[in-house]
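See below for the structure under consideration.
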Amino acid sequence: MHRALLLAAKAAERGEVPVGAVLVHDQQPVGEAWNQPISSNDPTAHAEIAALRHAGERLGNYRFPGATLYVTIEPCTMCVGAMIHARIDRLVFGAREPKAGAVVSQNQLLDHPAMNTEIRYAEGILAEQCSQIISEFFAKRRQEKMQARTSSTL
């Protein structure tokens, strides 16, 4: 999770929502990424999906049985779907995402009986740090918007 937090910080430096993800298989990182939808003009370039793509390129496969995905924030519906298709074994995330979280917050997709694969999950790992980086990012963004409005009215 520490590595995922470092990746989230890279996203924030680039003006992206600070989410980082690391896919680990046989105790080795095989894919990692940070959010990149803005810079890549790709709405699917969430950290989780980019980490799965990275692992796929490295391993020459699109399925990762036995792998664990570490991500700083609870995944959204799209990312949960990608994890299911990738057949990862386990998800570990830091902080909940109350608006769009699809594991425990808004939807419980991994617990849905229609899912064709079982993914175990754990939450709250370094939750305070994971929550803090995203809260600080959005606080800074709000401050920048207020400053821009203030300077445009002067």
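All heavy atoms count here, side chains included; hydrogens, waters and symmetry mates do not.
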Query raised in the report: Is the number of heavy atoms from other residues, nucleotides or ligands within 6.0 Å of CD (Glu118) greater than 12?
Result: no
Report task. Would you check if the side chain of Ser131 reaches a backbone N or O of Ala127 as a donor-acceptor pair within less than 3.5 Å? Result -> no
Requested in this report: Please answer whether the main-chain N or O of Pro98 pairs with a side-chain N or O of Gln106 as donor and acceptor at a distance below 3.5 Å.
Outcome: yes
Query - Heavy-atom side-chain contact between Asp89 and Thr68 under 4.5 Å - result: no
Query raised in the report: Listed by chain and number, what are the side-chain contact (heavy atoms from CB on, under 4.5 Å) partners of Arg63, not counting sequence neighbours?
Result: Asn61, Pro65, Arg87
Query raised in the report: Should Val104 and Arg96 count as side-chain neighbours, where that means a heavy-atom distance under 4.5 Å?
Result: yes
Query - His46 side chain vs Glu48 backbone, donor-acceptor pair below 3.5 Å - result: no
Query raised in the report: Can you tell me if Gln36 uses its side chain to pair, donor with acceptor, with the backbone of Trp34 under 3.5 Å?
Result: yes
Requested in this report: Taking all heavy atoms of Ala8 and all of Pro18, pick out the closest pair and write down the distance.
Outcome: O-CB, 3.3 Å
**Report entry** Over 12 foreign heavy atoms within 6.0 Å of CZ, Phe138
**Finding:** yes
Query raised in the report: Within the side chain of Glu97, is there an N or O that forms a donor-acceptor pair under 3.5 Å with the backbone of Ala100?
Result: yes
Under 3.5 Å, sequence neighbours excluded: what are the donor-acceptor pairs made by side chains of residues 49-59?
from	atom 1	to	atom 2	distance (Å)
Arg53	NH2	Thr44	OG1	3.1
His54	ND1	Glu32	N	2.9
His54	ND1	Glu32	O	3.4
Arg58	NH1	Pro29	O	3.2
Arg58	NH1	Val30	O	3.4

Query raised in the report: At their closest point, which heavy atom of Phe137 faces which heavy atom of Gly15, and how far apart are they?
Result: CZ-O, 3.8 Å
Query raised in the report: Do Ser105 and Glu74 have side-chain atoms, one donor and one acceptor, less than 3.5 Å apart?
Result: yes
Query - Short side-chain donor-acceptor distance under 3.5 Å, Gln132 and Glu136 - result: yes
